[in-house]
There are 2 protein chains.
Amino acid sequence: MKEKQYTAEQELIAHFAKAMGHPARIAILDFLAKQDSCFFGEIHEELPIAKATVSQHLKELKEAGLIQGEIESPKVRYCINRQNWELARKLFAVFFDDCKCNDTSCCE
Amino acid sequence: MKEKQYTAEQELIAHFAKAMGHPARIAILDFLAKQDSCFFGEIHEELPIAKATVSQHLKELKEAGLIQGEIESPKVRYCINRQNWELARKLFAVFFDDCKCNDTSCCE
DNA sequence: TTTATTGTTCGCAAAATTACGAACAATATT
DNA sequence: AATATTGTTCGTAATTTTGCGAACAATAAA
């Protein structure tokens, strides 16, 4: 029937947005964004949730490409993935700027 | 135990992001953003999903404040909510721009 | 070698999301 | 009044998300 699917760009921005769709993950990104890098424990201290849950959120952010982590036994150092951060920044900027509402009248 | 919660701003951006966390909803926003307004039926035609599902996605976007709809019986006209669109645009811009990675070295 | 520290993974439960068809509501048309 | 059009809401099912404690793995320290 309906053949129309979503564009790769729509899928991508939705994927980034989904990863950012939880306050804990925004808090993690906020925290990581204001420093060069930090360990899991420091992130955990910032959040009101169990370490297992923090670990899960970090995993999702990593899978979305927004952060990266490397083992420095017995700790794990996390940081923003700069390349994808920049990609996401641009995607969201274009997404919001391309609204016709920004420069013309709109319903209302 | 842990008292620390999330800031209102973190909750807000997560809320917007969550609403944008599905390709169908991004497609809807893309479609609405490039025109002044349109009817439900036109949105439905753009998407590969049932009307009940489209209606649900529209409801979520409306509840997130990103769009608004008004009845023009028997049709329903939808459009971007300009005020919140601008708010979201700024929130995401600040969110991504405030990363230390943007102007200094980062882990890697 | 035993013990501590640091995180991840597992298993589970509760809740939310996604999707659909069917039923419904509200107006317009015949 | 009966019918058609346009969307929303309801009920349901399948899947995903969120969260936790317990168990585990890997290294470091005693």
Side-chain angles (χ1 to χ4, degrees), chain A residues 1-6 10-11 13-29 31-32 37-64 66-79 107, chain B residues 1-6 10-11 13-29 31-32 37-64 66-79 107:
Chain A
M1 335 284 112
K2 287 280 189 50
E3 296 296 335
K4 180 158 283 180
Q5 290 306 315
Y6 308 110
Q10 285 170 342
E11 297 274 7
I13 193 167
H15 196 238
F16 279 134
K18 187 172 183 181
M20 291 169 61
H22 190 291
R25 294 196 290 270
I26 290 293
I28 289 170
L29 293 174
F31 187 68
L32 279 178
S37 73
C38 70
F39 295 116
F40 172 90
E42 303 173 68
I43 300 172
H44 181 209
E45 282 173 12
E46 282 291 300
L47 303 176
I49 51 182
K51 62 178 180 173
T53 309
V54 174
S55 196
Q56 251 183 192
H57 283 306
L58 287 168
K59 190 178 180 181
E60 289 179 62
L61 289 172
K62 198 162 49 180
E63 281 168 2
L66 289 170
I67 68 172
Q68 54 195 270
E70 58 184 70
I71 298 172
E72 290 185 20
S73 271
K75 299 188 175 185
V76 179
R77 179 181 298 281
Y78 282 99
C79 67
C107 71
Chain B
M1 339 285 114
K2 287 281 187 50
E3 296 295 336
K4 179 158 286 180
Q5 291 306 316
Y6 308 111
Q10 285 170 341
E11 297 274 6
I13 193 167
H15 196 237
F16 281 134
K18 188 173 184 180
M20 293 170 60
H22 190 291
R25 294 196 290 271
I26 290 294
I28 290 170
L29 293 175
F31 186 67
L32 278 178
S37 73
C38 69
F39 294 117
F40 173 89
E42 303 174 68
I43 299 171
H44 180 208
E45 282 172 13
E46 282 292 300
L47 303 176
I49 52 182
K51 62 179 181 175
T53 310
V54 173
S55 196
Q56 251 183 193
H57 283 306
L58 287 168
K59 190 177 180 182
E60 288 180 63
L61 289 172
K62 197 161 52 180
E63 282 168 2
L66 289 170
I67 68 172
Q68 54 195 267
E70 58 184 68
I71 299 172
E72 290 185 21
S73 270
K75 299 188 174 184
V76 179
R77 180 182 297 282
Y78 281 99
C79 68
C107 69

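Atom set for the values below is all heavy atoms of this structure, side chains included, hydrogens, waters and symmetry mates excluded. All chains are named by letter (A, B, ...) in the order of the sequence lines, taking the proteins before the strands, and each is independently numbered beginning at 1.
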Less than 4.0 angstrom between a side-chain N/O of [X] and OP1 or OP2 of [N], yes or no?
{"X": "B:His22", "N": "C:dA19", "value": "yes"}
{"X": "B:His57", "N": "C:dA19", "value": "yes"}
{"X": "A:Thr53", "N": "D:dC20", "value": "yes"}
{"X": "B:Lys75", "N": "C:dT27", "value": "no"}
{"X": "A:Arg77", "N": "C:dG7", "value": "no"}
{"X": "A:His44", "N": "C:dT6", "value": "no"}
{"X": "A:Tyr78", "N": "C:dT8", "value": "yes"}

[N] [atom2] sits how many Å from [X] [atom1], rounded?
{"X": "A:Ile67", "N": "C:dG7", "atom1": "CD1", "atom2": "C1'", "answer": "13 Å"}
{"X": "A:Phe40", "N": "D:dT27", "atom1": "CZ", "atom2": "C1'", "answer": "17 Å"}
{"X": "B:Glu70", "N": "D:dT6", "atom1": "CD", "atom2": "P", "answer": "18 Å"}
{"X": "B:Leu58", "N": "C:dT17", "atom1": "CG", "atom2": "P", "answer": "16 Å"}
{"X": "B:Glu63", "N": "D:dT9", "atom1": "CD", "atom2": "C1'", "answer": "13 Å"}
{"X": "B:Glu72", "N": "D:dT6", "atom1": "CD", "atom2": "P", "answer": "14 Å"}
{"X": "B:Phe39", "N": "D:dG7", "atom1": "CZ", "atom2": "C1'", "answer": "12 Å"}
{"X": "B:Ile49", "N": "D:dG7", "atom1": "CD1", "atom2": "P", "answer": "15 Å"}

Are [X] and [Y] side-chain neighbours, meaning at least one heavy-atom pair lies under 4.5 Å?
{"X": "A:Lys75", "Y": "A:Arg77", "answer": "no"}
{"X": "B:Leu66", "Y": "B:Leu32", "answer": "no"}
{"X": "A:Phe40", "Y": "A:Lys51", "answer": "yes"}

**Request:** Kindly give the heavy-atom pair with the smallest separation between A:Cys38 and A:Phe31, and that separation in Å.
**Result:**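 Minimum heavy-atom contact is SG-CE2, 3.6 Å.
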**Item:** Nearest heavy atoms of A:Glu63 and A:His15, plus distance in Å
**Value:**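 Smallest interatomic distance, heavy atoms only, reads O-CE1, 4.1 Å.
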Name the nucleic acid region contacted by [X], choosing base, sugar-phosphate or nothing; use a 4.0 angstrom heavy-atom cut-off, strictly under.
{"X": "A:Ala50", "answer": "sugar-phosphate"}
{"X": "A:Glu60", "answer": "sugar-phosphate"}
{"X": "B:Lys62", "answer": "nothing"}
{"X": "A:Lys51", "answer": "base"}

**Message:** On DNA chain C, compare the nucleotides closest to A:Lys18 and A:Pro74; which residue's is nearer the 5' end?
**Reply:**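 Taking each residue's closest nucleotide, the earlier one in sequence belongs to A:Pro74.
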**Prompt:** Which residue lies toward the 5' end of DNA chain D, A:Ser73 or A:Ala52, if each is placed at its nearest nucleotide?
**Reply:**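 Going by which nucleotide is closer to the 5' end, it is A:Ala52.
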**Request:** Determine the interplanar angle of the B:His22 and B:His57 rings, folded into 0 to 90°, and report it as parallel if under 30°, tilted if 30 to 60°, perpendicular if over 60°.
**Result:**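 B:His22 and B:His57: tilted rings.
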